Engineer: 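I'd like to ask some things about the structure below.
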Number of protein chains: 4
Amino acid sequence: MTVLTVAVDDATPPYEQLRRQFAQLIGSGILQPGERLPPVRQLAGDLGLAAGTVARTYRELEAAGLIRTRRGGGTRVADRPPTLTEDQRRQLLSEYASAYVGQALLVTADNRAILEAVQHALAVRTA
Amino acid sequence: MTVLTVAVDDATPPYEQLRRQFAQLIGSGILQPGERLPPVRQLAGDLGLAAGTVARTYRELEAAGLIRTRRGGGTRVADRPPTLTEDQRRQLLSEYASAYVGQALLVTADNRAILEAVQHALAVRTA
Amino acid sequence: MTVLTVAVDDATPPYEQLRRQFAQLIGSGILQPGERLPPVRQLAGDLGLAAGTVARTYRELEAAGLIRTRRGGGTRVADRPPTLTEDQRRQLLSEYASAYVGQALLVTADNRAILEAVQHALAVRTA
Amino acid sequence: MTVLTVAVDDATPPYEQLRRQFAQLIGSGILQPGERLPPVRQLAGDLGLAAGTVARTYRELEAAGLIRTRRGGGTRVADRPPTLTEDQRRQLLSEYASAYVGQALLVTADNRAILEAVQHALAVRTA
DNA sequence: GTGGTCTAGACCACC
DNA sequence: GTGGTCTAGACCACT
């Protein structure tokens with residue numbers, strides 16, 4: 001679970017950085033339904049955060065239906081994480097791609113490299 | 001210039017959202033060297049922000065060498081925006097791609113759609 | 001910590017006056033690595049400034065790598081403040097000396113007094 | 001007269017940077033009583049400033065008694081620039097030296113280099 | 001309690 | 001008219 005990182009110098013607050021990472025891990029299936037998340041205090045210690053900060057992340061993930069917390073039973077990925085309509089999927093994917101291309105163009109004018117970087121990332125993620 | 005937007009409900013602070021957007025517009029060449037940026041107060045009004053917030057965005061862009069401001073003379077894109085080494089380019093591109101793929105997998109498991117969305121965004125941007 | 005002062009009638013803005021003073025205190029070792037800086041609001045109150053003004057000073061010092069701030073955790077001198085190349089050192093020292101001599105000549109034509117004032121200041125600082 | 005420079009990226013406003021430089025040139029005798037200063041518009045053009053900015057510098061120098069302006073007669077160094085008491089001289093010199101030492105310590109811990117830089121600057125100035 | 005950000009409006013420096 | 005800085009106070013994120 002040490003895939004998780006928090007960049008202190010990022011203007012985006014830690015609880016939100018964490019939330020996004022969990023959302024990705026769950027949405028991509030790397031974290032499977034029913035799988036256990038690390039205890040709040042342990043994760044907080046590992047990342048150098050206060051427990052309350054991690055607790056807030058879990059609270060927001062639960063509100064979004066991505067995880068479920070049971071008293072004394074730890075925190076687990078929800079059995080059936082909420083889904084989107086096909087239209088919403090397309091819309092979001094298009095926005096993400098546009099944002100990525102915007103960033104990538106800042107860094108290279110090479111369209112081919114921009115595509116290959118995605119292929120590479122896909123290969124790594126779905127390995 | 002109304003391509004610029006600020007999402008109030010985003011945890012990332014407005015001055016930083018704006019900064020990133022300008023960085024992309026400049027890096028991708030949509031804003032050309034020497035081209036004028038909107039006056040601080042006008043942009044602030046358009047976006048519903050305080051002038052100081054936009055001023056901070058401009059200040060940070062100038063510190064990064066992307067723009068050049070002259071008191072009383074407006075704000076323009078720098079003549080020679082700073083460049084990166086080839087290694088830095090590759091590193092950044094790889095990070096961006098990884099983040100995009102992470103988001104995309106949240107929304108679809110279809111690798112082909114993930115790539116096509118990038119191709120589409122490229123087509124639009126470089127049109 | 002009341003070595004710090006802000007001259008209201010100086011054309012140099014307060015945030016910059018403060019920044020320079022801290023830079024000197026840190027660079028000369030009067031403020032040691034790890035040592036705590038006064039809280040933003042306390043310092044602001046002591047100096048008759050708005051909190052945001054002091055906050056800006058701290059922000060710029062952090063950007064320069066001289067200090068390290070942690071949300072909710074106060075502000076401290078960085079562990080390893082950044083260093084300069086030998087060439088940069090010589091260049092800067094030469095500029096500072098030239099500026100000093102320029103000021104001193106305004107006030108006395110006595111070369112010996114100009115040197116002795118420096119010796120005296122050195123004795124005080126490194127005491 | 002091209003000894004004069006204005007650093008655009010300095011937080012100290014141009015009119016004040018200029019004022020200090022003239023004060024030094026006059027106080028150190030490099031500009032002699034009665035000697036002519038460059039016309040406002042010419043100097044403004046050379047430095048890339050608006051005429052009003054230079055005019056303000058001259059206005060403040062005249063208010064301080066360092067120069068005198070006569071209609072149609074250009075601007076000249078005052079015949080008897082105002083002087084300071086011996087105590088004021090000592091006090092100011094001490095402050096300047098202290099500021100110099102503060103800056104220098106930021107850049108080198110070598111007391112000897114700090115003194116030699118002053119000797120060098122003196123040699124250049126009084127050459 | 002500590003730092004970060006934002007607003008609203010004011011004044012200054014500059015072109 | 002344009003950018004820069006400051007204030008005063010509010011709310012948020014974090015320890």
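All of these numbers come straight from a predicted model, not from anything done at the bench. Naming: A, B, ... by sequence-line order, numbering from 1 per chain.
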Engineer: Check each of B:Thr75, B:Val40, B:Val6 against B:Val54 using the side chain to side chain contact (heavy atoms under 4.5 Å, CB included) test, and report the only one that passes.
Structural biologist: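 Per the side chain to side chain contact (heavy atoms under 4.5 Å, CB included) rule, the option paired with B:Val54 is B:Val40, out of B:Thr75, B:Val40, B:Val6.
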Engineer: If you go through the side-chain atoms of C:Arg70, does one of them form a donor-acceptor pair with the base of E:dG3 closer than 3.5 Å?
Structural biologist: no
Engineer: Among B:Leu31, B:Leu37, B:Thr57, which one satisfies side chain to side chain contact (heavy atoms under 4.5 Å, CB included) with B:Ile67?
Structural biologist: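 Only match with B:Ile67 under side chain to side chain contact (heavy atoms under 4.5 Å, CB included): B:Leu37.
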Engineer: Suppose we call a contact any N or O donor and acceptor under 3.5 Å apart; does that hold for the side chain of B:Arg76 and the base of F:dG3?
Structural biologist: no
Engineer: Using whole Å, what does the distance between atom C1' of nucleotide F:dC12 and atom CD of A:Glu60 come to?
Structural biologist: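 Going from A:Glu60 (CD) to F:dC12 (C1'), I get 13 Å.
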Engineer: Five pairs per end, C1' atoms only: what is the angle between the end axes of the helix from E:dG1-F:dC14 to E:dC14-F:dG1, to 10 degrees?
Structural biologist: 10°
Engineer: Take atom CG of B:Leu49 and atom P of E:dA8, then tell me their distance rounded to the nearest Å.
Structural biologist: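 So the CG-P distance, B:Leu49 to E:dA8, works out to 10 Å.
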Engineer: Nearest heavy-atom pair of D:Tyr15 and C:Ala11: which atoms, and what distance?
Structural biologist: OH-CB, 4.1 Å
Engineer: Using a strict 4.0 Å threshold on nitrogen-to-oxygen distance, state whether A:Glu16 and A:Arg19 make a salt bridge.
Structural biologist: yes
Engineer: In residues 50-57 of chain A, which ones come under 4.0 Å of DNA chain E, going by heavy atoms?
Structural biologist: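 Here the set is empty: none.
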Engineer: C:Leu61 CG to E:dG3 P: how many Å, rounded?
Structural biologist: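 Rounding to the nearest Å, CG of C:Leu61 and P of E:dG3 are 13 Å apart.
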Engineer: Over how many whole Å does the gap from C:Leu43 atom CG to F:dT7 atom P extend?
Structural biologist: 12 Å
Engineer: Which pair of non-hydrogen atoms, one from A:Arg68 and one from A:Val77, has the smallest distance, and what is that distance?
Structural biologist: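 Closest approach of A:Arg68 to A:Val77: NH2-O, 3.7 Å.
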Engineer: If you assign D:Gly48 and B:Gly48 each to the DNA chain E nucleotide with the nearest heavy atom, which residue ends up on the more 5' nucleotide?
Structural biologist: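 Taking each residue's closest nucleotide, the earlier one in sequence belongs to B:Gly48.
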Engineer: Could you tell me the separation between the CG atom of B:Leu37 and the P atom of F:dG3, rounded to a whole number of Å?
Structural biologist: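 To the nearest whole Å, that distance equals 9 Å.
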Engineer: Considering residues at least two apart in sequence or located in another chain, which fulfil the side-chain contact (heavy atoms from CB on, under 4.5 Å) criterion with A:Gln103?
Structural biologist: B:Gln24, B:Tyr96
Engineer: Measure from the side chain of C:Arg36, starting at C-beta and using heavy atoms only, and say which of F:dG4, F:dC14, E:dT2 lies closest.
Structural biologist: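 Selected nucleotide (nearest to the side chain): E:dT2.
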Engineer: Just the rounded figure in Å: distance from C1' of F:dC6 to CG of C:Leu47.
Structural biologist: 14 Å
Engineer: For the residue pair A:Phe22 and A:Tyr58, does the interplanar ring angle fall in the parallel (under 30°), tilted (30 to 60°) or perpendicular (over 60°) class?
Structural biologist: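 Perpendicular, since the angle between the ring planes exceeds 60°.
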Engineer: When you get a sec, tell me which of F:dG3, E:dG3, E:dT5 is the closest nucleotide to the side chain of B:Tyr15?
Structural biologist: E:dT5
Engineer: Take the protein atom CZ of B:Arg71 and the nucleotide atom P of F:dT2, then report the distance between them rounded to whole Å.
Structural biologist: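 The distance from CZ of B:Arg71 to P of F:dT2 comes to 17 Å, rounded to the nearest Å.
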Engineer: Should the side chain of B:Arg41 and the base of F:dG4 be counted as holding a donor-acceptor pair, with the cut-off at 3.5 Å?
Structural biologist: yes
Engineer: Report the C-alpha distance between D:Glu95 and D:Gln91 in whole Å, list the side-chain angles of each, state the deciding distance to 0.1 Å, and finish with yes or no for side chain to side chain donor-acceptor pair (under 3.5 Å).
Structural biologist: CA-CA 6 Å; D:Glu95 286 172 14; D:Gln91 176 62 22; 2.9 Å; yes
Engineer: Round to the nearest Å and state the distance from B:Leu18 atom CG to E:dC6 atom C1'.
Structural biologist: 13 Å
Engineer: Quick check: closest heavy atoms across B:Arg36 and B:Gly74, and the distance to 0.1 Å?
Structural biologist: NH2-CA, 3.8 Å
Engineer: Regarding E:dG4, can its base be found pairing with the side chain of C:Arg59 as donor and acceptor, where the two atoms are less than 3.5 Å apart?
Structural biologist: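 Result: no qualifying N/O pair found.
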